[in-house]
There are 2 protein chains.
Amino acid sequence: MEYDLTKRKAQILRAVVETYVKGGEPVGSKYIAQNVMPNCSPATIRNEMADLEALGYLEQPHTSAGRVPSELGYRFYVDCLAGEYKKTKAETELMSERLRGKQHELDKILAEASRLAGSMTNYTAIAVRPRADMTKIIRFEVMYFDSRNLVLVMLSGSGAAKTRNLRLPFDVLPTDAAHLANTLNTFIAGHTLEEITLPLMMQAEEEMGSEARLLSVAMKEIYSGMEEQGGGEIKVDGVDRLLSYPEFSDVGKLRGLLGAIENKDGILDTISHLEGDELGVVIGKENLSDNMSDSTLVVKKIKKDGKVVGAIGIIGPCRMDYANVMATVDALAESVGKMISTELRMLESPKDK
Amino acid sequence: MEYDLTKRKAQILRAVVETYVKGGEPVGSKYIAQNVMPNCSPATIRNEMADLEALGYLEQPHTSAGRVPSELGYRFYVDCLAGEYKKTKAETELMSERLRGKQHELDKILAEASRLAGSMTNYTAIAVRPRADMTKIIRFEVMYFDSRNLVLVMLSGSGAAKTRNLRLPFDVLPTDAAHLANTLNTFIAGHTLEEITLPLMMQAEEEMGSEARLLSVAMKEIYSGMEEQGGGEIKVDGVDRLLSYPEFSDVGKLRGLLGAIENKDGILDTISHLEGDELGVVIGKENLSDNMSDSTLVVKKIKKDGKVVGAIGIIGPCRMDYANVMATVDALAESVGKMISTELRMLESPKDK
DNA sequence: ATTAGCACTCGAACAAAAAGAGTGCTAAAA
DNA sequence: TTTTAGCACTCTTTTTGTTCGAGTGCTAAT
């Protein structure tokens with residue numbers, strides 16, 4: 001993306017964004033001239049601002065008000081910021097510290113990190129977990145509960161385990177459970193849904209012999225487990241903080257945003273459409289969900305061994321303290337990334353609760 | 001609870017509640033005289049209303065406004081309603097129908113029922129799941145993922161399964177996994193946390209021989225799994241619907257309520273303090289959480305074999321369509337109760353990991 | 001290219017007045 | 001004794017008008 005703004009225009013735009021973000025009120029030429037560029041007169045600033053408005057970077061709420069950044073304006077600001085928003089080393093250290101040793105499960109770590117991000121920035125935070133890919137199950141286990149109930153455990157290639165209760169309309173023996181597990185591991189494990197053909201099933205049934213009906217009950221659950229749609233999960237923290245911001249005192253907007261957060265699909269979509277590993281900043285109408293067209297999402301994916309294992313992010317109004325939020329999300333995501341790659345050592349350290 | 005109101009006072013109070021609930025505006029004597037009690041003059045109603053106010057059932061927003069029910073007024077109304085709020089058989093049937101066959105896991109059934117309750121009443125719905133009791137694990141299973149990763153499966157007496165990933169700082173063989181499972185089933189299964197004594201552990205370690213370190217990793221996870229506190233879970237549906245109600249355009253109140261919903265502790269407390277199996281209606285300051293003191297919670301526990309396995313409920317402003325909400329929640333909870341007693345043998349749905 | 005000066009616009013804040021709804025009280029009626 | 005009509009009173013809501021001030025755009029001078 002190329003922006004050809006003169007240095008001075010860029011400086012003014014930046015000043016407008018920062019001032020408006022802080023104060024929440026449209027900023028006028030006088031203010032800029034006095035506080036930011038003392039060697040220019042208000043009139044000069046006015047001219048420049050008029051230009052910036054014509055170029056689409058600024059907007060005017062009404063004729064006699066100051067200027068406010070447009071979404072493009074924010075976009076420019078954010079793009080300019082890229083690279084220089086990082087937290088200091090000390091702060092990063094501190095965050096890592098507050099995260100460390102708290103939890104051992106990825107879920108919990110993500111939740112804690114997002115909680116932290118939320119409370120540090122005073123915006124609403126989300127923790128995202130991609131949906132477990134159960135497309136290919138590499139191993140089955142069957143546990144005997146009682147004569148009419150078994151528990152089926154499915155292990156995916158990524159290490160995610162899923163359990164399913166099998167309620168049977170007939171009695172079985174513990175040996176049947178083992179037999180079932182065996183059969184599943186022999187014929188079904190390692191295949192995707194499409195690869196499970198009729199001949200394969202017939203072989204498996206033959207293997208089960210008289211207990212073929214048990215197999216069919218299990219297969220039903222396996223199918224539903226593998227098919228199960230519904231994407232990842234989002235944990236939200238601090239929705240109430242949205243209400244701190246005047247932009248959401250508009251009931252309609254707030255309602256839309258709450259809906260979007262609850263719906264989660266739009267957010268997941270947006271995140272999954274993000275390219276690259278870098279911090280993503282999705283401003284206003286850049287969001288895929290219409291209901292989020294007045295909000296900004298700052299999010300960073302967390303990778304482990306090259307695979308995305310989650311993300312943490314912040315949701316707030318477009319008028320957002322970008323520098324702080326970006327730095328915080330970035331640093332926390334970084335911390336989490338480091339934590340989960342050094343987890344081996346953690347397991348050895350004494351448990352603290 | 002005894003209320004000694006004359007029949008007429010009761011009738012007026014009831015009329016005020018219903019009118020106010022519907023219209024959202026204070027109701028005056030004239031309205032009642034014309035639409036509800038045509039054989040009384042406004043003056044008579046006024047006198048009665050003054051009495052009702054003195055008794056604490058009604059309130060006046062300001063001198064020259066109509067009357068509004070106090071929380072006590074709502075309480076009276078709800079208590080009077082008890083018994084006559086039920087949905088018709090046909091409606092109940094319909095709801096059961098919409099629930100049936102959708103899902104097989106208790107979690108999902110509860111979520112679906114609450115979702116339904118929310119959309120039928122246009123309030124915010126919650127689905128509550130008590131925490132899985134992992135106090136006693138009756139069976140273990142260990143799955144081999146790779147040489148440094150195992151998956152531990154724990155099965156509780158109630159049929160809930162929980163999985164845990166074991167990351168190892170050393171290499172193991174598939175036979176070690178089986179060995180570990182064996183040892184756990186022999187020495188640990190069937191015991192509560194307190195019953196696992198040092199001698200027991202030593203026996204187990206001896207059994208594991210050279211792979212005792214594997215046991216200690218597993219035990220750490222088992223402990224954390226069994227100890228894991230944090231009460232039930234609440235799934236919320238339709239927070240955005242809160243915004244339909246003018247009482248929550250007060251930012252402070254809305255904020256408090258959102259906080260309370262997110263916090264969930266207050267709600268869980270309130271629910272667990274409810275006595276009996278009947279429909280619970282918690283009005284305003286009856287709520288344990290201060291943040292809910294302007295809201296009403298209508299909730300019904302769902303039991304299975306005498307054990308509470310969940311609850312569904314509705315949250316809204318005190319000015320709520322009690323008859324409809326109570327009937328809906330009651331009927332849906334009833335439906336769920338019936339469903340799980342005919343379709344599910346095992347109490348808990350599996351916990352995915 | 002910049003700046004000073006000025007007329008102009010438009011919202012915010014305030015005040016005063018008018019409208020309307022509902023009450024409480026008193027005295028008459030049932 | 002209970003009910004009702006009548007009336008003065010209170011308090012909110014809405015309307016209308018006015019002022020104030022911030023900030024702009026434009027023009028002419030620097």
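Numbered from 1 within each chain, the chains take letters A, B, ... in sequence-line order.
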* **Closest to side chain of T44(A), choosing from dT3(C), dT4(D), dT24(D)** => dT3(C)

* Going by an N to O cut-off under 4.0 Å, is there a salt bridge joining K300(B) and D330(B)? -> yes

* **Nucleotide of dT2(C), dT4(D), dT3(C) approaching R8(A) most closely (side-chain heavy atoms)** => dT2(C)

* At under 4.0 Å, does any side-chain N or O of S64(A) touch on OP1 or OP2 of dG23(D)? -> no

* Contact under 4.0 Å: R67(A) side-chain N or O vs dG25(D) OP1/OP2 -> yes

* Structure fact -> Between CD of Q60(B) and C1' of dC9(D) the distance, given in whole Å, is 13 Å

* Structure fact -> On DNA chain D, more 5' by nearest nucleotide between A65(A) and A43(B) is A43(B)

* E48(A) CD - dT3(C) C1' separation (whole Å) -> 13 Å

* Asked: Between Y123(B) and Y245(B), does the ring centre distance come in under 6.0 Å?
  -> yes

* Tell me: NZ of K30(B) to P of dG20(C), nearest whole Å? -> 12 Å

* Asked: Can you find a side chain N or O atom of R46(B) that sits less than 4.0 Å from OP1 or OP2 on dA21(C)?
  -> no

* **R14(A) and E84(A) ion-paired at < 4.0 Å** => yes

* Asked: Any ion pair linking R75(A) and E71(A) (charged N to carboxylate O, less than 4.0 Å)?
  -> no

* **Note: R67(A)-E59(A) ion pair, threshold 4.0 Å (strictly below)** => no

* To do: Find the distance N47(B):CG to dA27(C):P and express it as a whole number of Å.
  => 15 Å

* **Between C1' of dG22(C) and CD1 of I45(B), the distance in whole Å** => 14 Å

* Asked: Between atom OH in Y31(A) and atom P in dA22(D), what is the gap in whole Å?
  -> 15 Å

* Structure fact -> DNA chain D nearest-nucleotide lookup for G66(A) and H62(B): closer to the 5′ end is H62(B)

* To do: Taking only the side-chain heavy atoms of C40(A) (C-beta and beyond), determine which of dT23(C), dT12(D), dT3(C) contains the nearest atom.
  => dT3(C)

* Looking at T63(A), does any N or O in its side chain come under 4.0 Å of the phosphate oxygens OP1/OP2 on dC10(C)? -> yes

* Asked: M49(B) has an atom CE; how far is it from atom P of dT23(C), in whole Å?
  -> 6 Å

* In whole angstrom, what separates E25(B)'s CD from dG22(C)'s P? -> 9 Å

